[in-house]
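A quick write-up on the structure given underneath.
On a predicted model such as this, the values are computed, not experimentally measured, just so you know. Chain letters run A, B, ... following the sequence lines, proteins first and then strands; every chain starts at 1.
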2 protein chains.
Amino acid sequence: MLRITKITDYGFILLAHMANQDQELLHNAKDLSAAIGIPLPTVSKVLKILTQGGILKSHQGSKGGYTLGKPAAEITAAEIIEAVEGPVAITDCSSAEGCERNCVVSSSWQQVNTAVIGALSGLTLDDMSHG
Amino acid sequence: MLRITKITDYGFILLAHMANQDQELLHNAKDLSAAIGIPLPTVSKVLKILTQGGILKSHQGSKGGYTLGKPAAEITAAEIIEAVEGPVAITDCSSAEGCERNCVVSSSWQQVNTAVIGALSGLTLDDMSHG
DNA sequence: CCAATTAAGACTAAATAGGTCTACTATTTT
DNA sequence: AAAATAGTAGACCTATTTAGTCTTAATTGG
Ligand code: SF4
Ligand code: SF4
């Protein structure tokens, strides 16, 4: 339906919240849950995924938490979406796997896909967190 | 997952096929199914949806069929997607209904959404059917 | 009337997404 | 060393969406 998933959306909200504060500060899942108003188990899941995708760095143990993996100005929307839901591909044929039915509209979709990725790559977390 | 649905994809294939021929010609579902290699019930469903969305015109009865509702150069990809899956909205907040959680990243998404709609509006069926 | 063809919508099954939970590992504090 | 805190991994169930088919009705040409 040409829409990002809720998990991805939550990811952006969490990351924007973190970007709006001291970037050295460790945020734990519980506090983030309270601050954002999303249930703790869900917040934990999102943070875990973002860490696996390399967007966040984690510190385990008591007094642990998460920080941004790099400056907010260097994290793009495209990267975040890729980390959560995999490569952006409007159609099957614009993904790595491709599509066996190599039809006439395929090349147009690839152009659209490239344009979308371009728009998402030009938008940084820093831009987004300032509203 | 930021992807168009299969039904929408089929719609583009069917429309491109029709655009590549005499635009006055009536195409019936059976012939289109054979030409494109998609099962008849599915083709019928897609054609019905496209007609309801105003992209196609239909002629009922024996010797009936479908034609484009207007010249291929005047039908945009944005229109086709809207006809099949409703308004393009990357996030809840970029749709008509909106989102109760009016968060800080919302305005950025609206910009992205506008950019995507712009890209899709600049692409016509005529463009797409020429490869 | 009869045959062909679209129209409307119900229906089932499959895939995806959303959310929660439990058990485990690592770190700090006492 | 023990306890408390916090992330890790992954299973799990449910709800929603999507895909595809089917049945029945309505329309038109001959
Ligand atoms: S090749 Fe054609 S059928 Fe396959 S995904 Fe691309 S547009 Fe769709
Ligand atoms: S307002 Fe925020 S939470 Fe709601 S859809 Fe937009 S980005 Fe997501």
Side-chain angles (χ1 to χ4, degrees), chain A residues 1-11 13-14 18 25-34 36-69 81 83-86 89 91-92 95 97 99 101, chain B residues 1-11 13-14 18 25-34 36-67 69 81 83-86 89-92 95 97 99 101:
Chain A
M1 197 218 275
L2 214 40
R3 184 169 299 205
I4 64 170
T5 67
K6 286 202 182 186
I7 296 296
T8 308
D9 195 32
Y10 296 159
I13 299 172
L14 288 164
M18 292 170 75
L25 193 61
L26 274 178
H27 300 265
N28 67 48
K30 194 176 163 194
D31 292 349
L32 287 170
S33 166
I36 306 289
I38 297 171
L40 178 56
T42 301
V43 169
S44 287
K45 180 181 186 172
V46 177
L47 293 170
K48 182 175 60 176
I49 292 171
L50 288 169
T51 303
Q52 289 170 335
I55 306 293
L56 291 175
K57 279 185 189 158
S58 64
H59 294 276
Q60 283 188 310
S62 177
K63 298 288 177 186
Y66 299 89
T67 56
L68 296 182
I81 293 179
V84 181
E85 34 189 87
T91 56
D92 285 354
S95 81
E97 294 93 46
C99 170
R101 182 202 318 275
Chain B
M1 199 219 274
L2 212 41
R3 184 169 300 204
I4 64 170
T5 66
K6 287 201 181 186
I7 297 296
T8 307
D9 196 31
Y10 296 160
I13 299 171
L14 288 164
M18 293 171 75
L25 193 63
L26 272 179
H27 300 265
N28 67 47
K30 194 176 162 193
D31 292 349
L32 287 170
S33 166
I36 306 289
I38 297 172
L40 177 56
T42 301
V43 168
S44 288
K45 180 181 185 171
V46 177
L47 293 170
K48 181 175 59 175
I49 292 171
L50 288 169
T51 304
Q52 289 170 336
I55 306 293
L56 292 175
K57 279 185 189 159
S58 64
H59 294 276
Q60 282 187 310
S62 178
K63 300 286 177 187
Y66 298 89
T67 56
I81 293 179
V84 181
E85 33 190 89
I90 300 268
T91 56
D92 285 354
S95 81
E97 295 92 46
C99 170
R101 182 202 319 275

Results of side chain to side chain donor-acceptor pair (under 3.5 Å) for B/Thr67 - residues two or more places apart only: none
Residues which pass salt bridge (charged side-chain N to carboxylate O under 4.0 Å, His left out) with A/Asp9, listed by chain and number, not counting sequence neighbours: none
With sequence neighbours excluded, residues passing side-chain contact (heavy atoms from CB on, under 4.5 Å) with B/Ser62: none
Between C1' of C/dT16 and CD1 of A/Ile4, the distance in whole Å: 16 Å
Nearest heavy-atom neighbours spanning B/Arg3 and A/Asp92: NH1-OD1, 2.6 Å
Got a list of protein N/O to nucleotides 8-15 of chain C N/O distances below 3.5 Å?
residue, atom, partner, partner atom, Å
C/dA8, OP2, B/Gln52, NE2, 3.4
C/dA8, N7, B/Lys48, NZ, 3.0
C/dG9, N7, B/Lys48, NZ, 2.8

Sugar-phosphate only, base, or nothing, as touched by A/Leu47 at under 4.0 Å among non-hydrogen atoms: nothing
Euclidean distance, atom CD1 of residue B/Ile7 to atom P of C/dT16 [Å, nearest integer]: 15 Å
Separation between OG of B/Ser58 and CG of B/Asn28, rounded to the nearest 0.5 Å: 12.5 Å
Euclidean distance, atom CG of residue B/Leu32 to atom C1' of C/dT5 [Å, nearest integer]: 13 Å
Kindly list each side-chain donor-acceptor pair under 3.5 angstrom involving residues 36-54 of chain B, sequence neighbours excluded, with atom names and distances?
residue, atom, partner, partner atom, Å
B/Ser44, OG, B/Leu40, O, 3.2
B/Thr51, OG1, B/Leu47, O, 2.7

Set of residues satisfying side chain to side chain donor-acceptor pair (under 3.5 Å) with respect to B/Thr8, sequence neighbours excluded: B/Thr5, B/Glu85
Span of DNA chain D, from the first to the last nucleotide whose atoms fall under 4.0 Å of chain A heavy atoms: D/dT5 to D/dT18
Distance test, side-chain N/O of A/Tyr10 to OP1/OP2 of C/dA17, below 4.0 Å: no
Whole-Å gap separating P (C/dT6) and CG (B/Leu14): 12 Å
All side chain to side chain donor-acceptor pair (under 3.5 Å) counterparts of A/Ser33, not counting sequence neighbours: none
Position toward the 5' end of DNA chain C (nearest nucleotide), A/Lys6 or B/His27: B/His27
Presence of A/Thr42 side-chain N/O under 4.0 Å of C/dG18 phosphate oxygens OP1/OP2: no
Distance in angstrom units between A/Leu40 CG and C/dT22 C1', rounded: 14 Å
Spacing between B/Asn28 atom CG and C/dA4 atom P, to the nearest angstrom: 12 Å
Per-nucleotide protein contact string for nucleotides 23-30 of chain C (B base, S sugar-phosphate only, - none; heavy atom under 4.0 Å): ---BBS--
Nearest-0.5 Å distance that lies between atom NE2 in A/His27 and atom CG in A/Leu14: 10.0 Å
Partners passing side-chain contact (heavy atoms from CB on, under 4.5 Å) against A/Ala83 (at least two apart in sequence or in another chain): A/Ile55
